[in-house]
Structure formats: C-alpha cells, structure tokens
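Atom set for the values below is all heavy atoms of this structure, side chains included, hydrogens, waters and symmetry mates excluded.
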Amino acid sequence: MSKEKFKSVAATSKNVKWEQLISRQTELYSRKDEVRSPFARDYTRILHSLAYRRLKHKTQVFFNIDNDHICTRMEHVAHVESVSQTIAKNLGLNDELTKAIAIGHDLGHAPFGHQGETVISELSMKYFDEKFWHEKNGLRFVDDLELLEDNYKKSRNLDLTYAVRDGIIAHCGEVDENGLMARDELIDLSEFKKPGQYQPVTWEGCVVKISDKIAYIGRDIEDAINLGFLDERTKNDLLRMARTHDEDVLNTTVIMHNLIIDICENSTPEKGICLSPRFLEQINSLKDFNYKHIYGHERLKPFKEYSKLVINQIFDVLMKTFDDKHSWIQIEEKKRYYPVLMNSFDKWLARYCSPEIVPEGKLLTISLNCENKKVYGNLDTEKIYARAILDFISGMTDRFAVKVFNELLTY
C-alpha cells in the first residue's frame with residue numbers, strides 16, 4: 001500500500017473539495033502572522049475551550065473523582081488522540097485534522113459518563129421526543145454553546161471547520177463495524193438523527209472512530225483491574241482471550257499496540273480503515289468482555305442510581321423557576337436557597353438569550369461581551385427553557401453536579 005495514495009484519496013475524498021473541508025459557518029478572525037493551518041487552529045480553539053477543561057472532572061467509566069489514577073474523560077480523549085495520530089501518520093493522513101477531531105470528539109459527554117447520558121436522554125424524550133446522544137451534543141456545544149474571546153475580548157462561537165465538526169458527530173465507536181469508508185459527499189450535519197448513522201466524510205474521522213474503541217476498551221480494563229472489579233479467575237480468562245493471537249501478551253498495552261499495528265498494516269483506500277479478521281474478532285471479544293464484567297458490574301449500580309437522582313433533582317429545581325414572563329425573577333428569589341446553582345444558571349442564560357430580555361445588570365456584565373448565537377431567544381416557552389436546562393446540566397462536571405446537589409440538601 002502506498003501511503004501517498006491514501007493521502008491523495010483523503011485530500012480529494014471523491015466529490016469533496018479541500019475548500020469545503022476547511023469551510024466554517026462564520027468567517028474566523030485572523031492575524032497577519034498566523035502560522036497554523038485551519039485544523040491546527042481548530043485544535044487550539046478546542047484546547048482553550050471551557051468544555052475541554054471540564055473533561056478532567058467527568059467520569060469515563062468509574063465514578064472516582066478523588067482517585068488521580070483512574071481514567072477521566074480528559075485522559076480518554078488524550079488516549080484517543082495518541083492512538084489516532086499514530087495510525088494517521090503511518091497511513092500518510094493529515095495528523096493535524098486527526099488531532100483536532102480527537103481532542104473534540106467527546107466534548108458533548110454529560111456528567112457521570114454514559115449513565116448521565118441515559119438520564120438526560122430520558123428527560124429529552126419527555127420534553128422533545130428525541131434521544132440525547134453525546135455525539136450530537138458535542139456538535140451542539142462546538143456550534144452553538146462554547147465561546148472564546150477574540151482579539152477584542154468579545155466572546156464568540158468556536159466556528160470550527162466542517163471536517164472537524166463532522167468528525168465529532170460521526171465518531172460513534174459503539175457500533176461494531178470494520179472497513180470504515182469515508183463517505184463521498186458533504187451533508188448538512190443536522191441530518192444525523194442517531195449515532196453512527198453516517199460515516200465521517202474524511203479518512204481522518206474514520207481513524208478517530210476506530211481509535212476511540214481501542215482506547216476505551218484498553219484503559220477501561222486497566223482501571224477495572226486496579227479497582228478490584230475483576231477477580232483472579234476473570235483476569236485469567238481475559239489473559240487467555242488476549243493471547244489467542246499473541247502468546248506474549250501480558251497487559252492491555254500490548255493488546256492496544258497489536259490492534260494499532262494491525263490497522264496500519266491492513267488499511268487501504270480500497271478496504272477502508274480496518275482490522276484483519278483475527279484482530280476484529282479479538283476487539284469484539286474484548287468489548288463483550290467489558291460489557292459483561294465491567295459496565296454491567298453490580299458495584300456500579302449505586303453509582304447509576306446516585307447519578308440519576310442528582311441529575312433529576314437538579315433538573316426539577318431549575319424547571320420550577322420557569323415562568324413565561326418572569327423566569328429571571330424566579331431565579332433571583334431562589335438564590336437565597338441555592339446560590340451556587342442559581343447564580344451559575346443565571347449567567348448561563350444571560351449568554352444565550354436575546355439581549356432585550358436580559359436584566360440590565362447582567363446585560364452590562366455578561367451579555368454585552370457575548371457576540372454569539374442567542375440560541376434560547378426570548379426564553380418564552382417551557383420547551384426552550386427545558387432545552388436550556390439540559391444544555392446547562394450536560395456541560396457540568398461530576399464534581400460540580402455533586403456540589404450543587406449537596407446544596408439542595410443544605411438548609
């Protein structure tokens with residue numbers, strides 16, 4: 001396989017032109033001495049965003065906010081970036097695009113990992129008759145909610161390139177598939193109605209998608225072992241399964257290495273980004289192992305019940321402040337009981353509502369400096385208000401959600 005051949009296919013992507021891949025919804029400000037590529041700019045914009053910073057206190061699998069050695073969502077993102085960049089460089093793909101997609105791929109994750117996503121999805125079905133899924137929420141955050149200051153301290157939306165935005169919403173690694181082929185046309189990304197509905201439009205996005213699975217399977221096993229979730233018999237079963245294709249396997253590092261090398265050796269423009277049959281069987285077996293022995297473990301049940309309680313209680317308290325004309329007054333009155341929660345939600349609304357309805361004091365301190373999309377408009381319907389609350393909660397860290405929940409318990 002010629003790496004240059006792979007690279008040329010990625011650059012043209014059949015019906016897709018380079019100019020379309022680097023296009024933005026709104027023109028981004030520039031400097032005369034700018035040395036970064038469009039994708040490198042996307043990478044640093046995501047790196048400096050608040051959504052990225054919050055990943056360090058969001059659960060990957062194990063709710064353990066005080067254990068520095070257990071993988072957080074931010075560490076998982078770093079693992080995906082490392083795996084995907086290795087593969088992309090070997091295949092001759094654009095590693096700057098790969099890194100940008102990788103660092104942004106999980107920005108839409110809710111607090112408390114996939115359990116938090118399940119709880120918010122139930123609320124979303126109730127109010128909007130649609131499921132919540134983190135890939136779509138990631139696109140919503142980078143398109144509509146995350147803000148960065150420009151050269152003049154005006155907060156604006158991230159305005160990422162199409163290729164990176166596409167890679168974020170198309171990255172679902174939960175679906176078992178092999179031979180990922182970049183789709184051959186651009187679409188309106190709002191056409192995504194469910195996770196994994198369309199493949200990414202770039203090979204780089206396909207690489208991130210398969211790297212996501214490699215990263216979470218490997219590190220989740222390591223954490224489960226360190227936390228004592230796996231007994232000796234289960235660990236021996238895992239070792240035997242891992243050694244099916246490599247008798248020298250000793251730990252998850254070797255497993256991940258073998259999968260990465262196998263992708264590099266087998267992927268071609270004709271076959272797509274793929275594993276060989278024997279390593280595809282192994283990664284699927286490992287995934288099944290994780291679901292049986294880790295994600296469904298009885299020790300996670302209290303965490304699942306707790307996260308449901310926390311999210312639902314926060315939602316209910318905020319929802320009770322809705323008033324089609326006087327929500328700001330309701331929020332202000334509740335500050336005497338819940339100052340942290342209400343002040344934080346108050347500031348959230350001020351950034352995304354039409355300036356005409358924002359109280360004057362907040363307009364001067366917050367809203368006037370935000371030249372971004374006002375996605376909540378006049379905040380005049382229960383549906384819009386519920387959307388604002390779910391956006392607010394989905395961006396929370398585990399730590400902050402626990403903090404404001406404890407505030408609800410304090411009299």
Side-chain angles (χ1 to χ4, degrees), residues 3-4 6-13 16-56 74 77-78 80-82 84-108 138-171 182 186 188-189 200-208 211 351-352 368-375:
K3 293 181 183 178
E4 289 304 315
F6 219 121
K7 185 174 183 180
S8 67
V9 172
T12 57
S13 192
V16 180
K17 297 180 180 179
W18 173 259
E19 291 76 15
Q20 294 173 306
L21 294 178
I22 63 172
S23 64
R24 304 179 188 274
Q25 292 179 300
T26 304
E27 186 176 355
L28 194 60
Y29 70 92
S30 60
R31 302 181 179 94
K32 293 181 179 179
D33 56 352
E34 182 62 69
V35 297
R36 294 168 297 171
S37 72
F39 300 138
R41 289 197 73 184
D42 282 358
Y43 180 88
T44 52
R45 290 181 73 74
I46 294 170
L47 180 66
H48 292 297
S49 71
L50 295 181
Y52 175 74
R53 298 180 201 182
R54 291 194 295 267
L55 295 179
K56 64 185 174 183
M74 179 178 279
V77 166
V80 175
E81 184 180 331
S82 173
S84 61
Q85 185 182 24
T86 298
I87 296 171
K89 277 200 167 188
N90 184 270
L91 296 179
L93 297 174
N94 187 317
D95 62 309
E96 289 186 339
L97 171 56
T98 306
K99 287 180 61 178
I101 295 172
I103 195 177
H105 83 279
D106 266 358
L107 293 181
L139 182 66
R140 177 167 175 77
F141 261 78
V142 300
D143 280 358
D144 299 335
L145 301 176
E146 272 306 297
L147 308 178
L148 279 182
E149 287 187 352
D150 63 13
N151 293 340
Y152 306 100
K153 292 188 70 64
K154 295 292 185 181
S155 294
R156 304 179 185 275
N157 296 106
L158 292 187
D159 293 322
L160 304 181
T161 61
Y162 180 92
V164 173
R165 295 170 56 240
D166 171 84
I168 289 172
I169 196 171
H171 84 263
L186 272 69
D188 183 334
L189 298 182
V201 76
T202 64
W203 291 114
E204 290 81 359
C206 293
V207 167
V208 172
S211 299
R351 295 186 186 98
Y352 305 108
L368 280 181
N369 292 322
C370 296
E371 296 187 358
N372 58 296
K373 299 176 185 177
K374 306 303 179 182
V375 291

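Within the 4.5 Å cutoff, the side chain of Asn157 has no heavy atoms near those of the Gln25 side chain. Counting only heavy atoms from C-beta outward, the side chains of Asn369 and Lys153 never approach each other to under 4.5 Å. In this structure the side chain of Leu21 never reaches within 4.5 angstrom of the side chain of Thr161, judged on heavy atoms. With contacts defined as side-chain heavy-atom distances shorter than 4.5 Å, the pair Leu28/Arg45 qualifies. For the pair Ile101 and Thr202, the minimum side-chain heavy-atom distance is below 4.5 Å.
Minimum interatomic distance between Val142 and Leu158 (heavy atoms only, all atoms of both residues): O-CB, 3.6 Å. Counting all heavy atoms, side chain and backbone alike, Ser84 lies closest to Ala102 at OG-CB, 3.8 Å. Here the shortest heavy-atom pairing between Ala163 and Phe39 reads CB-CE2, 3.8 Å.
Within the 3.5 Å criterion, the main-chain N or O of Glu204 finds no donor-acceptor partner in the side chain of Asn94. Side chain of Asn372 to backbone of Arg351: a donor-acceptor contact under 3.5 angstrom is found.
Here the options are Glu96, His48, Glu81, the test is side-chain hydrogen bond (donor to acceptor under 3.5 Å, both in side chains), and the partner is Tyr43; only Glu81 passes.
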Step by step, work out the salt bridge (charged side-chain N to carboxylate O under 4.0 Å, His left out) result for Asp150 and Lys154. CA-CA 5 Å; Asp150 63 13; Lys154 295 292 185 181; over 6 Å; no
Determine, stepwise, if the pair Arg36 / Thr44 fulfils side-chain hydrogen bond (donor to acceptor under 3.5 Å, both in side chains). CA-CA 10 Å; Arg36 294 168 297 171; Thr44 52; 2.5 Å; yes
So Ile46 and Leu107, side-chain contact (heavy atoms from CB on, under 4.5 Å) or not? Walk me through it. CA-CA 9 Å; Ile46 294 170; Leu107 293 181; 3.9 Å; yes
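For the pair Arg24 and Tyr29, the NZ or CZ position fails the cation-pi test of under 6.0 Å to the six-membered ring centre and within 45 degrees of the ring normal.
Residue Glu34 places its CD atom among more than 12 non-hydrogen atoms of other residues, nucleotides or ligands, all under 6.0 Å distant.
For Tyr162, there are no ring-ring contact (aromatic ring centres under 6.0 Å, His included) partners, not counting sequence neighbours.
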